[in-house]
Amino acid sequence: MPRTLITSAIPYINGIKHLGNLVGSQLPADLYARYCRARGDEVLFLCSTDEHGTPAELAAAKAGKPVDEFCAEMHEVQAEIGKGFGLSFDHFGRSSSPQNHRLTQHFAGALADNGLIGEVSEKQVYSNADGRFLPDRYIEGTCPNCGYDKARGDQCENCTKQLDPTDLIEPRSAISGSTDLEVRETKHLYLKQRSLRDDLSKWIDSKADWPVLTTSIAKKWLNDGDGLQDRGITRDLHWGVPVKKGTEDWPGMEGKVFYVWFDAPIEYIACAEEWQDAGKGENWERWWRTDKGAEDVRYVQFMGKDNVPFHTLSFPATLLGSGEPWKLVDYIKSFNYLNYEGGQFSTSQGRGVFQDQALEILPADYWRWWLLSHAPETNDTEFTWETFQQDVNKDLADVLGNFVSRVTKFCRSKWGEEVPAGGELSDNGKALIDELQAKLTEYTAQMDAIEVRRAAATLRSMWVAGNEFLQSAAPWTSFKQDPEAAAADIRLALNLIPVYAVLSAPFIPFSAARMLADMGAEGAAWPTDLSAALIALPPGHAFTVPDVLFAKIPDEDRESWAARFSGTRT
RNA sequence: GGGCCUGUAGCUCAAUUGGUUAGAGCAGAGCGCUCAUAACGCUUUGGUUGCGGGUUCAAGUCCUGCCGGGCCUACCA
């Protein structure tokens, strides 16, 4: 049995995410996980919240809560939202878990033992009023180049000039506004990525099947300028994984924590341990250690394009540099961005639809279907309420939902709520099975290749084929002269419903479950031979005519939502 | 500034990597059907492939210049 390890980029803890975050990693990862399970793979699908770093501390302060409490609450909120969207994580962990603390410290120790950690003394801006060191972009001041008075310490947003915090005129803390800043000497650990450059380069070159979006970003970092640079992996913060060398203290690093981008990917591994410790499975190392059974695991990661450097370089550098047999990623599926009504989704401006709001106004499957069938695979994609309404109404309500409705209701009116007996498979029926069998092959190949939009289009065309079949078979006409022929056609059409449900479940799991329940076909498996699958419900098999599977989105709702989400979250 | 990606029908996207007449879905138009959520089916309008040069027997595809959009640029994550 193939074994597939799937991770989705872990969402940051500081607030509720918008739909762009969902479609860029978690949702396609879930699609693939559900598909792999349905095909019989052994799957471990992991995700977590990414809880460390300055923004988490600041968000907690803003909420007036201790950071650990804030993160615990937000983790629960995000976990609930994930459930609401049907994200089928085998475990939804936390990067602040004890497992990740231990593992992160372990990796740092292993890297140090291999001579891959250096200590660098550097000057950092410290804010006395805030009582903390400030990352460059949390320092504001006047740009020495253009005079813009809200330039950030890393770059001026107005003239785009790269800056050093010390370049700013009248620098102040972006957090408190305090000008009581000073430059302090502080010591940090660096991961010597330079020493691993050749190994990483060779590894990336071996990934000929990766999307250009992924490899070109990696190669840029490997080859640009002086090549891959060493990277600081510690920070002067309180909230995070304390710096330790394995289980031992690290002299000179007291009070410091690892940089969030060092510990966050390690959480992919720690999450498997959390999964085991939560009693959901055992022997987690057989997913992650090639010396303990992970040799035959295929590992696939999902992420937005902004995350690519960390997953192609920093994290592999950590794994390779440890000298231990950790499983490296086999395939990276990266996504572009989802835009909103001609601009970007904006968390700060409250522009666009946030995940909790999306679930309030419509069932998860509406969002899943639209987002996945428009996944930004080759380009940034645009969400507009008008196309969303049109597409969802057409695809789900008219094509799929109405198919189920017309078939079950016609049957009920002529034979009652059970599969009718009599007649034989018609020529129309045979043609339909052949057509669907060909499309199923296509669909499977697209899902295997994680071609999300294409797979959605193929699936939809299978739904359409059902309507075409009804039109050509016209059982409402044949019933008058030849009720047995009509019965045979309707029997086939009824059998189509569980097949559609199973094939569609990765996209629309909630509706698929309802379809199976109403047809009394809960145990239906992924079909390979459609001739067999389409006689699974025998004559006499009872079913229930489903309630409306997908209610249409009326214009009034669309209009009010478009107004409500145009800016400023309420 | 630099690197990479990108621009195809009103909209969202394709085009087997240089090969016949650039295709789908939606929207629009016409016809049909009456089982169904005013649903379904069939037919159909619509393109100087951002603009200008070039290479080639052949260019949406390769080169070049310009115009527009996006991402990254290593201390946000």
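Numbers restart at 1 for each chain; the letters A, B, ... are given by sequence-line order, proteins then strands.
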Nearest of [options] to any side-chain atom of [X]?
X: A:Asp50; options: B:C75, B:A27, B:A77; value: B:A77
X: A:Arg460; options: B:C26, B:U12, B:A77; value: B:C26
X: A:Arg235; options: B:C76, B:C75, B:U73; value: B:C75
X: A:Tyr138; options: B:C76, B:C72, B:C75; value: B:C76

| query | Under a 4.5 Å cut-off applied to non-hydrogen side-chain atoms, are A:Ser97 and A:Glu267 in contact? | reply |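 Side chain of A:Ser97 against side chain of A:Glu267, heavy atoms only: contact under 4.5 Å found.
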
| Just wondering, do A:Gln193 and A:Ser314 contact through their side chains at under 4.5 Å, heavy atoms? |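 Yes, side chains in contact.
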
What does [X] touch in the nucleic acid at a heavy-atom separation under 4.0 angstrom: a base, only the sugar-phosphate, or nothing?
X: A:Thr54; result: sugar-phosphate
X: A:Thr381; result: sugar-phosphate
X: A:Gly15; result: nothing
X: A:Gln193; result: nothing
X: A:Gln229; result: base

Please report the distance, rounded to the nearest Å, between [atom1] in [X] and [atom2] in [N].
X: A:Asn307; N: B:A74; atom1: CG; atom2: P; value: 16 Å
X: A:Asn21; N: B:C76; atom1: CG; atom2: P; value: 18 Å
X: A:His52; N: B:A77; atom1: NE2; atom2: C1'; value: 13 Å
X: A:Glu451; N: B:A15; atom1: CD; atom2: C1'; value: 13 Å
X: A:Tyr340; N: B:G70; atom1: OH; atom2: C1'; value: 21 Å

If you compare every side-chain N and O of [X] against the phosphate oxygens of [N] (OP1, OP2), does one of them come in below 4.0 Å?
X: A:Tyr259; N: B:C76; value: no
X: A:Arg454; N: B:A14; value: no
X: A:Tyr337; N: B:C5; value: no

| query | Between A:Phe315 and A:Phe310, is the ring centre distance below 6.0 Å? | reply | no

| message | Is it the case that the ring center of A:Tyr268 lies less than 6.0 angstrom away from the ring center of A:His311? | response |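 Close enough - the centres of the two rings lie under 6.0 Å apart.
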
| task | Answer yes when A:Asp130 and A:Arg132 have at least one side-chain N-carboxylate O distance shorter than 4.0 Å, and no when they do not. | result | no

| Do NZ/NE/NH1/NH2 and the carboxylate oxygens of A:Glu377 and A:Lys333 come within less than 4.0 Å? | yes

Check the orientation of [X] and [Y]. Use parallel for under 30°, tilted for 30 to 60°, and perpendicular for over 60°.
X: A:Phe92; Y: A:His75; result: parallel
X: A:Phe335; Y: A:Phe302; result: parallel
X: A:Tyr340; Y: A:Trp385; result: perpendicular

Quick check: closest heavy atoms across [X] and [Y], and the distance to 0.1 Å?
X: A:Gln26; Y: A:Cys47; answer: NE2-SG, 3.8 Å
X: A:Phe354; Y: A:Ile16; answer: CD2-O, 3.4 Å
X: A:Val243; Y: A:Phe258; answer: CA-CE1, 3.6 Å

| Nearest-nucleotide 5' precedence on RNA chain B, A:Glu377 against A:Asp395 | A:Glu377

Using the [atom1] atom on both, measure [N] against [M] and round to a whole Å.
N: B:G41; M: B:C26; atom1: P; result: 8 Å
N: B:C33; M: B:C40; atom1: C1'; result: 8 Å
N: B:G46; M: B:G10; atom1: P; result: 11 Å
N: B:G60; M: B:G19; atom1: C1'; result: 13 Å
N: B:G3; M: B:G65; atom1: P; result: 11 Å

| message | With the 90 degree cut-off around zero defining syn, does B:U20 come out syn or anti? | response | anti

| remark: Per-nucleotide protein contact along nucleotides 34-41 of chain B, 5' to 3', at a 4.0 Å heavy-atom cut-off (B base, S sugar-phosphate only, - neither), is SBBB-SBS

| Heavy-atom donor-acceptor pair, A:Gln124 side-chain to B:C75 base, under 3.5 Å | yes

| query | Between the side-chain atoms of A:Trp261 and the base atoms of B:A77, is any donor-acceptor pair under 3.5 Å? | reply | yes

| request: Go through residues 441-449 of chain A and report each residue with a non-hydrogen atom lying under 4.0 Å from RNA chain B, sorted by number. | output: none

| task | Using the ring of A:Tyr337 (Phe, Tyr or Trp, six-membered ring only), decide whether A:Lys305 places NZ or CZ under 6.0 Å from its centre and within 45 degrees of its axis. | result | yes

| message | Do A:Lys192 and A:Tyr190 form a cation-pi contact, if we require the NZ or CZ to be under 6.0 Å from the six-membered ring centre and within 45 degrees of the ring's axis? | response | no

| query | Which string of ( ) [ ] | and . matches RNA chain B, if you list each base 5' to 3' and count Watson-Crick or G-U pairs only when both distances are under 3.5 Å? | reply | (((((((..((((.....[...)))).(((((.......))))).....(((((..]....))))))))))))....

